[in-house]
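Data first, discussion second: the structure below is written as structure tokens.
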Amino acid sequence: MFSDLDDAGIKIRLEDYKFRVACTFAPVWYAHAKYHPTNDDPIPCTFGRHSSAHGVSRTQYSRVNAVHALMLVTSVIKFLDVELSRRP
């Protein structure tokens, strides 16, 4: 994700923002929970990137999971918007 920014010469030092980075990107890590439909794993009820793509059902596509996905995307966009607007 940050490689495009790095190629453009934009540097974001994540270690300078430990708490904000943790609050922003912890849900991203959580959204990558393990789900293997080839192993007959049941479709999880909680939001997950892989289960949303490969476990299409009413179990995965719920209003709560839609809100989680929107919150996740919004927090990452807000973090990048704030950080990129601080650059000279």
Side-chain angles (χ1 to χ4, degrees):
M1 174 169 69
F2 291 112
S3 63
D4 293 338
L5 298 175
D6 194 34
D7 292 343
I10 299 169
K11 304 281 188 204
I12 297 176
R13 292 174 38 101
L14 296 180
E15 59 272 3
D16 292 343
Y17 309 97
K18 290 180 182 177
F19 181 73
R20 288 182 52 207
V21 168
C23 290
T24 302
F25 293 103
V28 174
W29 175 78
Y30 182 74
H32 285 80
K34 292 181 182 179
Y35 168 67
H36 301 284
T38 55
N39 296 342
D40 294 328
D41 287 353
I43 298 171
C45 295
T46 57
F47 172 72
R49 183 204 60 82
H50 195 230
S51 53
S52 292
H54 300 287
V56 179
S57 73
R58 289 188 183 270
T59 303
Q60 185 56 222
Y61 288 98
S62 66
R63 288 182 180 145
V64 171
N65 287 349
V67 171
H68 285 180
L70 287 172
M71 289 170 51
L72 180 124
V73 170
T74 303
S75 66
V76 172
I77 289 172
K78 177 63 177 173
F79 177 85
L80 293 174
D81 181 54
V82 168
E83 291 312 309
L84 295 177
S85 67
R86 291 182 183 181
R87 304 293 173 205

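Grouping the Ile, Leu, Val, Met, Phe, Trp and Tyr side chains by contacts below 4.5 angstrom, directly or via other members, places Val67 apart from Val73.
For the atom pair CE of Met71 and OG1 of Thr74, the computed distance is 8.5 Å after rounding to the nearest 0.5 Å. One finds the CG atom of Leu72 at 9.5 Å from the OG1 atom of Thr24 (value rounded to the nearest 0.5 Å).
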